[in-house]
Amino acid sequence: MESDFQRPASLRPNRRADRANQNSHTREVEGFPFSPEKLQVYPVKMLCRMGIIRLVFVAGIIWMMLILCALLFHVWSCQSSFAFFSAICNRQSKVFLMLDTMGLVPKAQHRCSIPLAYNPDRVSIPKGMTPEEVVRDLSFVMEDDPLNNTSQSTPLFGGRQTWKQREESFKLEPSMKVHCGFIQNGGAEMDPIDIEYVKKCRFVVASGIFDGYDLPHQPSNISPRSKKLFCFLMVVDEESLSFIKSNTTVSEDDDGGIWVGIWRLILLKNSPYDEPRRNGKVPKILTHRLFPQTQYSIWIDGKMELIVDPLLILERYLWREKNTFAIAQHKHHRSIYEEADANKRRKRYARPLIDLHMKIYKYEGMEPWNSMKGNPSDVPEGAIIIREHTHINNLFCCLWFNEVNLFTPRDQLSFGYVVYRLGGSFKFFMFPNCEYNSIFVLHPHTREHSSKIEWVKNLSEFEGKGSSLKESRGGLGLWTPYPGNLKTVVLPPVARTSKAG
């Protein structure tokens with residue numbers, strides 16, 4: 001028993017020695033981060049860490065130098081006497097457009113600042129009209145030729161334009177007479193009170209609501225000068241007028257004019273088309289016909305709230321660079337064939353009729369957009385149109401409307417085609433889409449538009465009972481035998497780069 005108790009005691013010195021050895025070992029390495037076995041590895045790791053830090057530091061300096069060089073090159077190229085380099089700064093140039101198609105130009109922002117003049121009161125308004133150089137006299141067909149109207153008794157708003165008349169209308173002459181809607185007794189009549197009121201409107205902000213899809217949105221940031229200078233005209237049909245009266249405050253002046261805030265409501269009686277979207281194209285494209293005394297107009301769609309002073313808009317997009325027509329570039333599409341494909345995917349109109357529309361344009365020589373065309377795009381954002389009512393602009397709008405009347409109501413499909421047919425005689429400024437998105441606040445429709453024709457997938461669906469799906473007063477060119485052979489026409493392939501339509 002005694003030996004049993006003494007044995008652990010005999011081990012104590014050894015344990016103390018072990019602890020002493022451990023403490024002495026610890027004290028020996030206190031001045032070092034690693035144990036002696038690892039001391040040989042330390043220099044390699046240290047060098048690696050320092051090398052990585054230096055590499056990152058040098059890479060950062062090189063990256064900043066590259067950015068600085070790029071900025072200096074950009075500034076130099078904009079002022080360079082070499083045409084190629086100076087063209088890089090010009091968004092309308094072929095060099096810029098070519099680089100953009102190659103993906104070498106940064107994509108535009110959804111919104112960007114607009115280089116507006118600072119003070120509307122300091123804006124200088126040009127005196128007189130822009131000189132007419134191409135078309136000096138323009139008149140309009142008011143009655144259809146009896147030879148074209150033998151089998152039809154009801155006048156059509158857009159008239160019964162023949163394929164030959166359509167072709168002749170694209171041949172520019174100093175004096176021209178063309179179809180441009182408003183055929184006598186064809187619909188879209190204004191009240192005499194409104195006709196008298198708009199005679200005094202030299203500057204107009206116009207908008208429109210049809211089939212009760214929207215309520216008027218009051219513009220903001222309007223200067224006192226613009227309130228005196230501009231007429232704010234909201235064109236409506238009878239259904240929309242009733243809807244507006246039931247859902248917002250409406251006032252009436254001493255002359256019988258109807259107002260919602262700053263907007264003077266202009267009623268169009270007897271809607272000319274079955275399709276509300278086609279009705280909406282009347283005030284949008286034919287602004288010069290509704291308001292013949294107007295010199296400058298700004299069109300905005302009914303779902304938009306204008307947030308930029310209209311006088312500053314005219315100065316920025318027309319007067320500053322002596323333009324007479326301005327419209328925004330489409331955000332996603334540049335080719336009408338891309339836009340047509342998106343319209344079919346989003347069921348904006350009957351798919352086979354959109355295809356037929358595009359086949360006619362392809363047969364007549366309309367190629368997909370490319371940088372050699374000289375315009376940023378063949379497809380506009382048509383929700384805002386800024387124009388001076390010159391003869392060439394009025395002619396363009398007439399021809400544009402005739403295409404909308406003959407074919408589908410999707411006006412974005414026809415804009416680039418009419419530009420192509422006029423062969424460069426129609427000049428316009430297509431401004432960046434990000435500026436377009438900074439001009440307004442977009443409000444949702446009170447309800448979504450839908451019609452049965454939008455769901456048609458095959459021409460056979462129009463046969464028999466389906467014949468009621470056909471529009472009776474618009475799009476008749478799609479049902480009139482075309483003089484060319486469309487069977488051999490193959491539509492260009494489309495690369496779907498966006499989900500938007």
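With hydrogens and angles disregarded, a donor-acceptor distance shorter than 3.5 Å links the side chain of Asn279 to the backbone of Tyr273. Between the side chain of Thr248 and the backbone N or O of Ile244, no donor-acceptor pair lies under 3.5 Å. Side chain of Lys199 to main chain of Pro292: no donor-acceptor pair is present (N/O by atom type, distance under 3.5 Å, no hydrogens or angles). Proximity of a side-chain donor or acceptor of Asp309 to a complementary backbone N or O of Ile222 within less than 3.5 Å is not detected. Under a 3.5 Å cut-off, the side chain of Ser169 and the backbone N or O of Val178 do not form any donor-acceptor pair. Side-chain atoms of Thr408 never come within 3.5 Å of backbone atoms of Val404 as a donor-acceptor pair (strictly under, hydrogens ignored). Of the possible donor and acceptor atoms, one in the side chain of Ser240 sits under 3.5 Å from a partner among the backbone N and O of Gly212. Not one N or O on the side chain of Asn458 forms a donor-acceptor pair closer than 3.5 Å with the backbone of Pro352. Remark: side-chain polar atoms of Lys344 are not paired, donor with acceptor, to backbone N or O of Ala340 under 3.5 angstrom.
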### Message
Please determine whether ring-ring contact (aromatic ring centres under 6.0 Å, His included) holds for the pair Phe232 and Trp259, giving the CA-CA distance in whole Å, both sets of side-chain angles, and the decisive distance to 0.1 Å.
### Response
CA-CA 10 Å; Phe232 291 79; Trp259 297 80; 9.6 Å; no
### Task
For the pair Glu168 and Lys171, evaluate salt bridge (charged side-chain N to carboxylate O under 4.0 Å, His left out) and give the outcome as yes or no after the intermediate values.
CA-CA 6 Å; Glu168 291 295 319; Lys171 299 176 181 178; 3.1 Å; yes
### Task
Applying ring-ring contact (aromatic ring centres under 6.0 Å, His included), run through Tyr417 and Phe415 and close with a yes or a no.
CA-CA 5 Å; Tyr417 171 80; Phe415 180 90; over 10 Å; no
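Between the side chains of Ser377 and Gln329, no donor-acceptor pair of N or O atoms lies under 3.5 Å. Counting only N and O atoms by type, the side chains of Glu403 and Tyr361 include a donor and acceptor under 3.5 Å apart. At a cut-off of 3.5 Å, with distance as the only test, a side-chain donor of Ser297 or His389 sits close to an acceptor on the other residue. Side chain to side chain, Glu435 and Tyr317 meet the donor-acceptor criterion of an N or O pair below 3.5 Å. Side-chain atoms of Arg387 and Asn393 form no donor-acceptor pair, as typed in the model, at a separation below 3.5 Å. His179 and Asn402 share no donor-acceptor pair across their side chains, judged by distance under 3.5 Å alone. For the 3.5 Å distance criterion, the side chains of Gln295 and Arg202 qualify, holding a donor opposite an acceptor.
Here the straight-line distance linking atom CZ of Arg346 with atom CG of Asp341 works out to 12.0 Å at 0.5 Å rounding. Considering CH2 of Trp455 and CZ of Arg351, their distance stands at 8.5 Å, rounded to 0.5 Å.
Taking the side chain as every heavy atom from C-beta outward, Pro219 and Ile307 never approach each other to under 4.5 Å. Between Glu364 and Arg421, the closest side-chain pair of non-hydrogen atoms falls below 4.5 Å. You'll find the side chain of Leu306 stays beyond 4.5 Å of the side chain of Ile298, heavy atoms only.
One finds a salt bridge joining Arg278 and Glu471 here, because a Lys/Arg side-chain nitrogen approaches an Asp/Glu carboxylate oxygen to under 4.0 Å. The pair Glu167-Lys164 does not meet the salt-bridge criterion, since no charged nitrogen lies less than 4.0 angstrom from a carboxylate oxygen. The existence of a salt bridge linking Asp378 and Arg334 is excluded, since no basic side-chain nitrogen approaches an acidic carboxylate oxygen closer than 4.0 Å. Salt bridge status for Glu315 with Arg320: present, with a side-chain N to carboxylate O gap under 4.0 Å.
When the shell of 6.0 Å around CD of Glu132 is examined, it contains more than 12 heavy atoms from other residues, nucleotides or ligands.
Among Phe396, Phe431, Phe429, the single residue meeting the ring-ring contact (aromatic ring centres under 6.0 Å, His included) criterion with Phe325 is Phe396.
With 2.5 angstrom as the limit on SG-SG distance, Cys180 and Cys397 do not come in below it.
Pairs of residues two or more places apart, or lying in two chains, that qualify as ring-ring contact (aromatic ring centres under 6.0 Å, His included) and include a residue from residues 465-495 are Trp163-Tyr482, Tyr363-Tyr482, Phe462-Trp479.
Legend: residues meeting side-chain contact (heavy atoms from CB on, under 4.5 Å) with Leu229, ordered by chain and number and at least two apart, are Ile125, Phe203, Leu311.
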